[in-house]
Amino acid sequence: MLRLTVRKLLYLYCFTSVLIILGLLNYHVTDRENDDIEGEKLINQLLQEKLNEKQKELESLIQRITSYEDKLHRCRMLKPYQKNFNSSLPTIYLITPTYDRIEQKAELTRMYYTLLHVPNVHWILVEDSDRKTDKVRRFLTNCQIPYTHLNVATPEHVKLKSSDPNWLKPRGVLQRNAGLTWIRSSLNPRKNKGVVYFADDDNTYSVELFEEMRLTKKVSVWPVAMVGALRYESPICDKNSVTGWMVYFRPNRPFPIDMAGFAVNMQLFFDHPDAWFSNNVQRGYQESTILKLLSVTMADLEPRADKCTKILVWHTRTEKYNPKNEAKMKQKYGKGTDPNMEI
Ligand code: UGA
Ligand code: MN
């Protein structure tokens, strides 16, 4: 009887053990299945994240390739105009004040296309503005000549308003000074030989003019057309020296010459570190002021352009454009031009 119960108990023990083992096995298998599903989800999520990341990278690479292709296209387009850099030639540093207005990009484009024909030129473009504008930044990015982009705003009390006559206040003063600061702080006069020319953005320059000024010893001078309400203004020359001036407006100024009519050997700006333009000078005295501060005398002037007999620069001024039909067009036809179109 006892033996029977022990056997039964043994069977029961074996049976429950098997059940427990089976139960454990089953638990383990479903647990692993659950783990597998969770793991798979995690891997899928990680893979999706990686894929998104790679897609973003691909998009940015495509964008970069497109912009490089665009640049390459421009380089190919402009290459025929590029002259090789010649290390034996002094560089011409042009300081150009410029300000935001409808005509600005047209002026800069015209000037840039001239400069493309000039070897060893460095264009210092100075915006009359608190910050550099996207328009000029974009314009310069596509320029295939060495340039420096600066900005400084003309203070409100000396700033010309669009209703003012343009002679009322001086223009481009702080901008030219910013260009001079850049030259004095970035260039080494022992290594960098050069000539400084204050080239306003609205004049018309012959390519020949730059070769005339390139070998300036102190100050080169030449005639300027369409200025001072004359056909042209000019130094009067006798052989290789300047003896007087053909001008109508204030002929008694120390140097009655337009900004476009002279270029200065860069060394002079290092020899005279206090030579700056100023907003506090009489009308028409900007040029005389800077030349005086550079201790220039009449004897230092070097006549160029075939002893001042040729016109190589024109004081052109672009007529202010008035887009007066914009508002009328909206009224009449209910549509206007796209304000986002860059002109
Ligand atoms: C004449 C001379 O040619 C200038 O060199 C001289 O600075 C000016 O007179 C003066 O007496 O102040 P004008 O044609 O009357 O020039 O002047 P703009 O061409 O209107 O201005 C000269 C430069 O300054 C240009 O490059 C122009 O873009 C720039 N400018 C003009 C500014 O940077 N901000 C302004 O508000 C106006
Ligand atoms: Mn001008």
Side-chain angles (χ1 to χ4, degrees), residues 17-85 96 98-113 115-116 121-153 178 182 185-186 323 326 329-330 333-343:
S17 301
V18 168
L19 273 184
I20 287 169
I21 289 167
L22 281 175
L24 276 176
L25 272 176
N26 186 40
Y27 173 78
H28 190 64
V29 167
T30 35
D31 198 34
R32 273 196 56 188
E33 268 172 10
N34 283 345
D35 276 358
D36 283 354
I37 292 169
E38 281 303 310
E40 222 168 273
K41 268 190 194 162
L42 203 68
I43 289 170
N44 276 351
Q45 202 180 325
L46 284 174
L47 284 176
Q48 192 58 47
E49 276 169 17
K50 273 257 173 271
L51 190 67
N52 291 347
E53 224 173 78
K54 291 285 164 203
Q55 254 162 357
K56 269 190 198 147
E57 270 176 37
L58 189 68
E59 272 163 30
S60 93
L61 280 173
I62 290 173
Q63 265 179 8
R64 275 176 66 186
I65 291 171
T66 320
S67 96
Y68 281 130
E69 274 174 353
D70 204 35
K71 277 199 182 131
L72 196 69
H73 171 70
R74 284 171 208 279
C75 285
R76 286 205 184 107
M77 246 170 49
L78 296 170
K79 207 167 177 198
Y81 303 105
Q82 283 183 342
K83 300 274 173 10
N84 289 333
F85 180 81
T96 303
T98 188
Y99 69 110
D100 186 25
R101 61 208 193 270
I102 289 187
E103 305 81 17
Q104 183 181 31
K105 200 171 160 192
E107 307 282 28
L108 294 180
T109 301
R110 192 161 55 118
M111 188 165 174
Y112 166 55
Y113 281 9
L115 299 182
L116 273 173
V121 72
H122 187 117
W123 197 11
I124 306 169
L125 195 57
V126 194
E127 288 195 72
D128 183 350
S129 145
D130 276 333
R131 50 175 70 186
K132 297 183 176 74
T133 62
D134 284 345
K135 183 153 103 172
V136 174
R137 208 192 292 276
R138 265 197 301 276
F139 171 82
L140 281 174
T141 308
N142 291 321
C143 280
Q144 307 289 312
I145 57 171
Y147 65 81
T148 296
H149 185 188
L150 304 174
N151 69 289
V152 57
W182 182 87
S185 58
S186 318
E326 294 289 346
M329 184 153 147
K330 266 200 201 117
Y333 305 113
K335 62 175 182 192
T337 62
D338 178 359
N340 295 320
M341 175 75 92
E342 187 180 286
I343 53 166

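Note that the structure is a prediction, hence the values are computed from the model and not measured.
Taking both residues in full, the closest heavy atoms of A178 and V152 are given as CB-CG1, 3.9 Å, listed atom of the first, atom of the second, then distance. What you find for N142 and Y112 is that their closest heavy atoms are O-OH, 3.9 Å. When all heavy atoms of V136 and H149 are compared, the closest pair comes out as CG1-NE2, 3.6 Å.
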| Given the rule in the side chain to side chain contact (heavy atoms under 4.5 Å, CB included) test, do L108 and L125 qualify, once you have shown the distances and angles that lead to the verdict? | CA-CA 10 Å; L108 294 180; L125 195 57; 3.9 Å; yes

| message | For a salt bridge (charged side-chain N to carboxylate O under 4.0 Å, His left out) check, start with the C-alpha distance between K56 and E59, then their side-chain angles and the critical distance, and finish with the verdict. | response | CA-CA 5 Å; K56 269 190 198 147; E59 272 163 30; over 6 Å; no

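For the atom pair M111 CE and T109 OG1, the distance stands at 11.5 Å (nearest 0.5 Å). Note that NZ of K54 is 4.0 Å distant from CD of E57, once rounded to the nearest 0.5 Å. To the nearest 0.5 Å, atom CG of residue L140 and atom CZ of residue R138 are 11.5 Å apart. Q63 contributes atom CD, which lies 11.0 Å from atom CG of L58 (distance to the nearest 0.5 angstrom). Expressed to the nearest 0.5 Å, how far CG of L47 lies from CG of L42 amounts to 10.0 Å. To the nearest 0.5 angstrom, W123 atom CH2 is 6.0 Å from T96 atom OG1.
Between D134 and E342, every side-chain heavy-atom pair lies at or beyond the 4.5 Å cut-off. Residues K105 and I343 are not in side-chain contact: their nearest non-hydrogen atoms beyond the backbone lie 4.5 Å or more apart. I124 has its side chain within reach of V126: a pair of non-hydrogen atoms, C-beta onward, lies under 4.5 Å apart. At a threshold of 4.5 Å between non-hydrogen side-chain atoms, the residues D100 and S129 do not count as touching.
Looking at E127, its side chain does come within 3.5 Å of a backbone N or O of T133 through a donor-acceptor pair.
Counting non-hydrogen atoms of neighbouring residues, nucleotides and ligands closer than 6.0 angstrom, the CD atom of E40 reaches no more than 12 such neighbours.
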